[in-house]
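See below for the structure under consideration.
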Amino acid sequence: MHPPTSPPSCAAQLLDRCQQIAGLSLGELAAMAGIAVPATLQRHKGWQGQLLELWLGASAGSKPQQDFPDLGIELKTLPIDANWQPLETTYVCYAPLMAPPGITWQRSNVRNKLGQVLWLPLEGDRRIPVAERRVANAIMWSPTKAQDAQLCADWEELTEMIVLGQVEQITARQGQALHVRPKAANGSVLTDALGPEGERIRTRPRGFYLRKTFTRQILLNAFAQ
DNA sequence: AAATGATCATGA
DNA sequence: TCATGATCATTT
């Protein structure tokens with residue numbers, strides 16, 4: 001078994017690829033792909049995500065697009081514990097701090113990314129060696145009306161603060177499903193944003209993240225089917 | 001123990 | 001620098 005050399009041509013093929021690797025460990029997948037497994041993810045935080053991208057034929061690289069642009073599908077690995085509880089929040093996308101006036105939820109980067117997501121839960125307990133962590137069955141998900149409304153409400157609240165020059169007042173405590181946190185290599189990285197008087201200020205880059213309570217519901221709903 | 005704020009690696 | 005892939009580690 002080898003990683004595919006081309007992107008999946010349809011959603012069914014993508015799901016088929018997921019079934020092929022479900023239940024396998026990261027060590028097995030890495031070995032078949034000829035990739036070394038890091039002992040710890042401390043300095044390889046995105047490693048498993050990139051390994052799964054390879055196995056599913058996602059277009060690599062860092063584009064502000066979906067992983068499968070032709071299918072409109074975004075791939076997200078989701079580290080879970082023994083009870084299927086997410087262990088981490090889920091990064092969605094960079095938060096534009098110089099948002100064009102008139103940006104709407106419908107046209108936002110967040111909504112575009114979350115329109116259709118292929119969730120790939122995997123064992124993430126740090127007590128399990130990285131190579132032994134197994135991949136679960138994938139879950140294809142699109143937001144329900146209620147979920148979309150919740151995300152929209154959070155996005156509008158946070159985006160309004162950004163547009164009004166209150167980015168420095170934003171806290172990760174805001175937002176029921178979606179929140180904003182720093183997103184950078186370190187605390188010295190700065191980017192342009194708007195100040196209270198509409199002036200240009202320098203601040204730490206931010207990103208949108210999904211809370212664990214939100215992704216947990218997605219997993220629970222998938223089980224309920 | 002959970003959540004927030006900080007950080008790591010990589011490519012264009 | 002921005003954006004991707006995220007988890008780490010300190011604070012609450």
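Residue numbers begin at 1 in each chain, while the letters A, B, ... track the order of the sequences.
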- request: Specify the closest pair of heavy atoms between A/Arg133 and A/Glu123, including all atoms of both residues, with the distance to one decimal.
  value: CD-O, 3.0 Å
message: Taking the minimum atom-to-atom distance to the side chain of A/Lys113, which one of C/dG5, C/dT7, B/dC8 wins?
response: C/dG5
Residues A/Gln106 and A/Arg111: side-chain donor-acceptor under 3.5 angstrom: yes
- line: The nucleotide from C/dG5, B/dA6, C/dA3 with an atom nearest the side chain of A/Arg204 is B/dA6
message: Under 4.0 Å, counting only non-hydrogen atoms across every strand here, what does A/Arg133 touch: a base, just sugar-phosphate, or nothing?
response: nothing
task: In whole angstrom, give the distance that lies between atom NZ of A/Lys45 and atom P of C/dT7.
output: 9 Å
message: Could you tell me how far apart A/Leu87 (CG) and B/dA3 (P) are, to the nearest whole angstrom?
response: 12 Å
field: Any N/O donor-acceptor pair, A/Gln42 side-chain to B/dC8 base, under 3.5 Å
entry: no
query: What's the spacing between A/Cys152 SG and A/Lys145 NZ if we round to 0.5 Å?
result: 13.5 Å
- prompt: Could you state the CD1-P distance from A/Ile80 to C/dT7, rounded to the nearest angstrom?
  reply: 12 Å
- prompt: Are A/Tyr94 and C/dT4 close enough that a side-chain N or O sits under 4.0 Å from OP1 or OP2?
  reply: no
statement: When rounded to whole Å, the CD to C1' distance for the pair A/Glu53 and B/dT10 reads 12 Å
- prompt: With side chains defined as the heavy atoms from C-beta onward, is the minimum distance between A/His44 and A/Val130 less than 4.5 Å?
  reply: no
message: Applying a 4.0 Å non-hydrogen cut-off, can you work out what A/Thr77 is touching in the nucleic acid: base, sugar-phosphate, or nothing?
response: sugar-phosphate
- prompt: Between A/Leu118 (CG) and C/dG5 (P), how many Å, whole number?
  reply: 13 Å
query: Which whole-number value in Å describes the distance from A/Trp47 CH2 to C/dC8 P?
result: 14 Å
- request: Taking only heavy atoms on the protein side, list every residue of residues 206-221 of chain A lying under 4.0 Å from any atom of DNA chain C, sorted numerically.
  value: A/Tyr209
message: Under 4.0 Å, counting only non-hydrogen atoms across every strand here, what does A/Gln85 touch: a base, just sugar-phosphate, or nothing?
response: nothing
message: Tell me if a side-chain donor or acceptor on A/Thr171 pairs with a main-chain N or O of A/Gln174 at a distance below 3.5 Å.
response: no
field: Least distance between heavy atoms, A/Thr191 atom then A/Arg204 atom
entry: CG2-C, 4.4 Å
message: If you take any heavy atom closer than 4.0 Å to DNA chain C, which residues from residues 119-132 of chain A end up in contact?
response: A/Arg126
- prompt: Is there side-chain contact between A/Val135 and A/Leu120, with at least one heavy-atom pair below 4.5 Å?
  reply: yes
message: For A/Arg202, I'd like to know if atom CZ has over 12 heavy atoms of other residues, nucleotides or ligands within 6.0 Å.
response: yes
- request: Send over the distance from A/Leu75 CG to C/dG5 C1', rounded to a whole Å.
  value: 10 Å
- prompt: From A/Arg134 CZ over to A/Leu122 CG, what is the distance, rounded to the nearest 0.5 angstrom?
  reply: 11.5 Å
task: Can you measure from NE2 (A/His179) to CG (A/Leu158) and round to the nearest 0.5 angstrom?
output: 9.5 Å
- request: For A/Gly46, answer base if it contacts any base atom (sugar-phosphate contacts may also be present), sugar-phosphate if it contacts only those atoms, and nothing otherwise; contact means non-hydrogen atoms under 4.0 Å.
  value: base
message: If you assign each of A/His44 and A/Glu88 to its closest nucleotide in DNA chain C, which residue comes earlier from the 5' end?
response: A/His44
- request: Starting from C1' on B/dC8, measure out to CD on A/Gln50 and report it in whole angstrom.
  value: 11 Å
- request: Mind checking A/Pro205 for me? I need base, sugar-phosphate or nothing, with any heavy atom below 4.0 Å counting as a touch.
  value: nothing
Electrostatic pair A/Glu168:A/Arg206 at N-O distance under 4.0 angstrom: yes
For DNA chain C, the residues among residues 162-174 of chain A that have a non-hydrogen atom under 4.0 Å from it: none
- prompt: Are A/Ile139 and A/Val117 close enough that some pair of their side-chain heavy atoms sits under 4.5 Å apart?
  reply: no
- prompt: Residues from residues 175-193 of chain A sitting under 4.0 Å of DNA chain C, heavy atoms only?
  reply: A/Arg181, A/Lys183, A/Thr191
- prompt: Hey, is the main chain of A/Leu178 close enough, under 3.5 Å, to the side chain of A/Asp154 for a donor-acceptor pair?
  reply: yes
query: Taking the inter-plane angle between the rings of A/Trp141 and A/Phe214 on a 0 to 90° scale, is it parallel (under 30°), tilted (30 to 60°) or perpendicular (over 60°)?
result: perpendicular
- request: Inspect the surroundings of CD in A/Glu156 and state if more than 12 heavy atoms from other residues, nucleotides or ligands are less than 6.0 Å away.
  value: yes
For A/Tyr209, ring-ring contact (aromatic ring centres under 6.0 Å, His included) partners two or more places apart: A/Tyr91
- prompt: Within the structure, does a side-chain N or O atom of A/Lys76 lie under 4.0 Å from either OP1 or OP2 of C/dG5?
  reply: yes
Relative orientation of the end axes in the helix from B/dA1-C/dT12 to B/dA12-C/dT1, expressed as an angle to the nearest 10° (five pairs per end): 30°
- prompt: So, does A/Glu160 use its side chain to make a donor-acceptor pair with the main chain of A/Glu157 at under 3.5 Å?
  reply: no
